[in-house]
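Input: a single structure, listed below in structure tokens.
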Amino acid sequence: GENVEQHPSTLSVQEGDSAVIKCTYSDSASNYFPWYKQELGKRPQLIIDIRSNVGEKKDQRIAVTLNKTAKHFSLHITETQPEDSAVYFCAASGGTGRRALTFGSGTRLQVQP
Amino acid sequence: SQTIHQWPATLVQPVGSPLSLECTVEGTSNPNLYWYRQAAGRGLQLLFYSVGIGQISSEVPQNLSASRPQDRQFILSSKKLLLSDSGFYLCAWRETGSGPQHFGDGTRLSIL
């Protein structure tokens, strides 16, 4: 089955700096890659997603890149703000015989004011 | 627009007691439905998913069970709770096929 690895597990940056979180996946048939942000005690919320027919997608300060050959995708947050502090999860789906997202283990991002 | 409702928000139960958590989705038909558990400070563990009424796939063998009695209703149950069942339980839905998955607000379950 699909395996998604995410790193780093924790990331601390200064306000205004960029943050990058990376994920790798194992199933070459996966074709959908969302990113979720989870604030303390709350539900994960979708912040951006990308499909395998696109290499990059951007939404204001957030961008995601996908390298299908290497089977990895990354989340880029520019001009970080304290409210970006949260746990971020990557996920993959669409692989053979599986109808659920496979999540990475999460990255705790702390933006220092 | 679609909405997902999950209740209760918090629950405190003694060891050995039964459990029933309910999740309903509005504004869509034949969604894929999911139950996840999240231990404190940890990732999302998929427990069950369903692609249709009465169709349940179990990801992790344990003392929990799930049922889907109606198209947009998903229930998580246990006959006898264990201390290890404590956690944050999240229901989620997704349109049939590939696409974003949307989570409910979750139930925080504490076992005493």
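Chain A is the first sequence line, chain B the second, and so forth, proteins listed ahead of strands; every chain is numbered from 1. Predicted model only: the values in this text are computed from it and were never measured. No hydrogens, no waters, no symmetry mates; every other heavy atom, side chains included, goes into these values.
The line from CD of B:Gln38 to CZ of A:Phe89 is 5.0 Å long, rounded to the nearest 0.5 Å. The line from CG of B:Asn32 to CG of A:Leu101 is 10.0 Å long, rounded to the nearest 0.5 Å.
Residues of residues 11-18 of chain B having a heavy atom under 4.5 Å from any heavy atom of chain A: none. Contacts with chain B (heavy atom to heavy atom, under 4.5 Å) involve these residues of residues 50-85 of chain A, listed by number: A:Arg51. Within residues 50-57 of chain B, the residues having any heavy atom under 4.5 Å from a heavy atom of chain A are, by residue number, B:Val51. Residues from residues 34-49 of chain A that place a non-hydrogen atom less than 4.5 Å from a non-hydrogen atom of chain B comprise A:Tyr36, A:Gln38, A:Gly41, A:Lys42, A:Arg43, A:Pro44, A:Leu46, A:Asp49, given in numerical order.
Between A:Ala100 and B:Tyr49 the shortest heavy-atom distance is CB-CD2, 4.4 Å. Between B:Gly41 and A:Arg108, the closest heavy-atom pair is CA-NH2, 4.3 Å.
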Original post:
For A:Ser105 and B:Arg42, what are the C-alpha separation, side-chain angles and deciding distance, and is it a side-chain hydrogen bond (donor to acceptor under 3.5 Å, both in side chains)?
Top reply: CA-CA 7 Å; A:Ser105 55; B:Arg42 306 296 295 273; over 6 Å; no

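For B:Phe88, the part lying under 4.5 angstrom from a heavy atom of chain A is the side chain only.
Note on A:Tyr32 and B:Leu44: same hydrophobic cluster, where clusters join Ile, Leu, Val, Met, Phe, Trp and Tyr whose side-chain heavy atoms are under 4.5 Å apart, directly or indirectly.
The most heavy-atom pairs under 4.5 Å with chain A, out of B:Pro100, B:Gly106, B:Gly43, come from B:Pro100.
More than 12 heavy atoms of other residues, nucleotides or ligands sit less than 6.0 Å from atom CD of B:Gln2.
With contacts defined as side-chain heavy-atom distances shorter than 4.5 Å, the pair B:Gln101/A:Phe103 qualifies.
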